[in-house]
Amino acid sequence: MSLAGPRLDRPSAIGDEGRARTASLWLASLIVVAIVGVVGFEIGEPSLLPTLGPVVGLAVAGVGLLERDGFVSLVVAHAFLLTFGTAFALIVLAAPFVARAGIAASGCALALAGIGASWANIGGDGLGTAAAGSVISYASMLCSLVLMGILTAVVYFGWTVLTSIIGFSTPVASLTGFLLIVAGTAGVVRLSLRWLPIRQVTPRDRRPTIERRLTAVRQRLLYTAVGSIGALVGFGALGLAGVDTAVTSVPVLAWLLTSLSSPLVVWPIVAVGAVSLLAGAVAVLLRRLTRDDSAGTTRRTAAAVVGVGLSLPLLLGLVLIVAGAGLAIGPILLGLGLVVALVLGPIAFLIVVGSGAVGVGLGLLPARATGPAVAATGLVVAAIGVGRANPLVVFACIAGAILVWDSATFGLGLTAELGHLPDTRRLELFHGAVAVAVAIGAVVVVTGLEVLRAGFFAGGGAAGGAVVVALGALLLLLPVRG
């Protein structure tokens, strides 16, 4: 029997103890969604559920997709983690400091994430994998940004040198620049020949011949580079000795030497060196990526690729900040938003996910019921965020936490004992109906107590409301879990 609802992994039919049965999870999901919607209206944010739902859902999908082995799936997973995952983490950690209602929003985000993790069968191992992948992506993003800065500086310096060489008008200076370009190109091409797999792609019977030819080409390139440097030093000394005036007196020779720094001569030589260097770098990169074709290497490569890709918007943010300084506040704010989200977001995600993994490792969170535990904890946090505003909503959050935990753990017990093949929907629905009936009874009792408190004990204030909520929780907890 197939499972209804989102499935991000491939569980076995029997013995998959990580996910509760379908009916139990649907009941827990409906409770979480209903309470999040009610909390959103209570704190004055009716769009809380439709806002948090896609963000949390795609963040959970990113963690769930890490169980796949395909490179594309892993790239999508890490992209979700560093975008929607960081947004989810920032909501959880930063929202409580923004406004009083932020605590409730943070709890609702945790509740949705917990129930999503239950569907996706995410436990401590999945959280640890997500944390490790985020570290690799974050380090790759920062290293790529630094490398792009260095490459930009090198390209700018090289462009400045080339344009200055092209602008030479004296014969000796033109010849000096030409020799400098020839020496650099010869060195780069010789280095690229060591990186390119020319010998490896040659048929075996022709490899000795190709090896001899490559050795000869490398020697000639070395002689060219060394000879150009020697000639460069010699002609530089002649230029200081005033030979430039004597060469100018011979128009044909002066024209030939001056033409050596023309764009028609310089740019083809530079293009040969640039193409050789790029081909060699690509060959080295491909060789390193394909040398160890294991699952761990694929995961690390996917995380690094996503980090490199996200370095581009980070660079854009820095450019907007620098370019908008003193001109307009809009680009500066956009750049600051990008930089803060990409620099602090992954750290926040690592804190949230790493805390979950550490909690499972230390036994603070149950290994089999990590998702339900997080969902119940999120509803309790939401109850704290609602606070004194409405004791009935506070009790609804606590009652929902108890029901979610009870329903999910009941479904987990069935899964551990029976697997997913036997049809237990009627048993699950009966258990859920009894639990909901008990909860409704507790709500009725708490409502009556709240009416009595407001009418006869109005002077009790917040303390009276807290007493009512505590009594209601005991009335619900004892029959459900007793």
Side-chain angles (χ1 to χ4, degrees), residues 3-11 16-22 24-33 35-36 49 52-68 76-78 80-81 84-89 91-93 106-134 348-382 400-401 403-413 415-416 420:
L3 287 175
R7 295 182 60 200
L8 301 176
D9 59 350
R10 309 180 187 90
D16 176 30
E17 301 182 0
R19 185 198 287 112
R21 294 302 299 256
T22 307
S24 299
L25 271 185
W26 271 120
L27 177 61
S29 302
L30 292 176
I31 293 172
V32 169
V33 169
I35 292 178
V36 171
L49 178 60
L52 291 179
V55 175
V56 176
L58 291 174
V60 173
V63 180
L65 286 173
L66 291 178
E67 297 296 326
R68 300 290 180 90
V76 173
H78 287 289
F80 281 174
L81 294 183
F84 298 102
T86 55
F88 159 71
I91 292 172
V92 172
L93 296 181
S106 176
C108 291
L110 281 176
L112 291 173
I115 205 66
S118 301
W119 279 109
N121 194 16
I122 297 174
D125 294 337
L127 296 178
T129 303
S134 65
F349 179 77
L350 179 62
I351 292 174
V352 173
V353 177
S355 299
V358 171
V360 173
L362 296 178
L364 302 178
L365 289 174
R368 282 203 313 120
T370 303
V374 173
T377 303
L379 292 179
V380 174
V381 173
L403 286 178
V404 167
W405 176 253
D406 176 73
S407 176
T409 52
F410 180 79
L412 281 169
T415 302
H420 284 294

How close do [X] and [Y] get, heavy atom to heavy atom, and via which atoms?
{"X": "G128", "Y": "A357", "result": "N-CB, 3.9 Å"}
{"X": "L25", "Y": "S118", "result": "CD2-CB, 3.6 Å"}
{"X": "P372", "Y": "V404", "result": "O-CG1, 4.5 Å"}
{"X": "F349", "Y": "S134", "result": "CD2-CB, 3.9 Å"}
{"X": "F80", "Y": "A61", "result": "CD1-CB, 4.4 Å"}
{"X": "A401", "Y": "A376", "result": "CB-O, 3.5 Å"}

Under the side-chain contact (heavy atoms from CB on, under 4.5 Å) rule, collect the residues that match up with [X], sequence neighbours excluded.
{"X": "S106", "value": "V92, P96"}
{"X": "L30", "value": "none"}
{"X": "A131", "value": "L350, V353"}

How long is the span from the [atom1] atom in [X] to the [atom2] atom in [Y], to the nearest 0.5 Å?
{"X": "L27", "Y": "L403", "atom1": "CG", "atom2": "CG", "result": "7.5 Å"}
{"X": "L52", "Y": "I91", "atom1": "CG", "atom2": "CD1", "result": "5.0 Å"}
{"X": "F88", "Y": "L110", "atom1": "CZ", "atom2": "CG", "result": "5.0 Å"}

* Asked: Going through the distances and angles, do T370 and I122 end up as a side-chain contact (heavy atoms from CB on, under 4.5 Å)?
  -> CA-CA 8 Å; T370 303; I122 297 174; over 6 Å; no
* Mind running side-chain contact (heavy atoms from CB on, under 4.5 Å) on L66 and H78 for me, showing each step along the way? => CA-CA 8 Å; L66 291 178; H78 287 289; 3.6 Å; yes
* Step by step, work out the side-chain contact (heavy atoms from CB on, under 4.5 Å) result for V60 and W119. => CA-CA 9 Å; V60 173; W119 279 109; over 6 Å; no
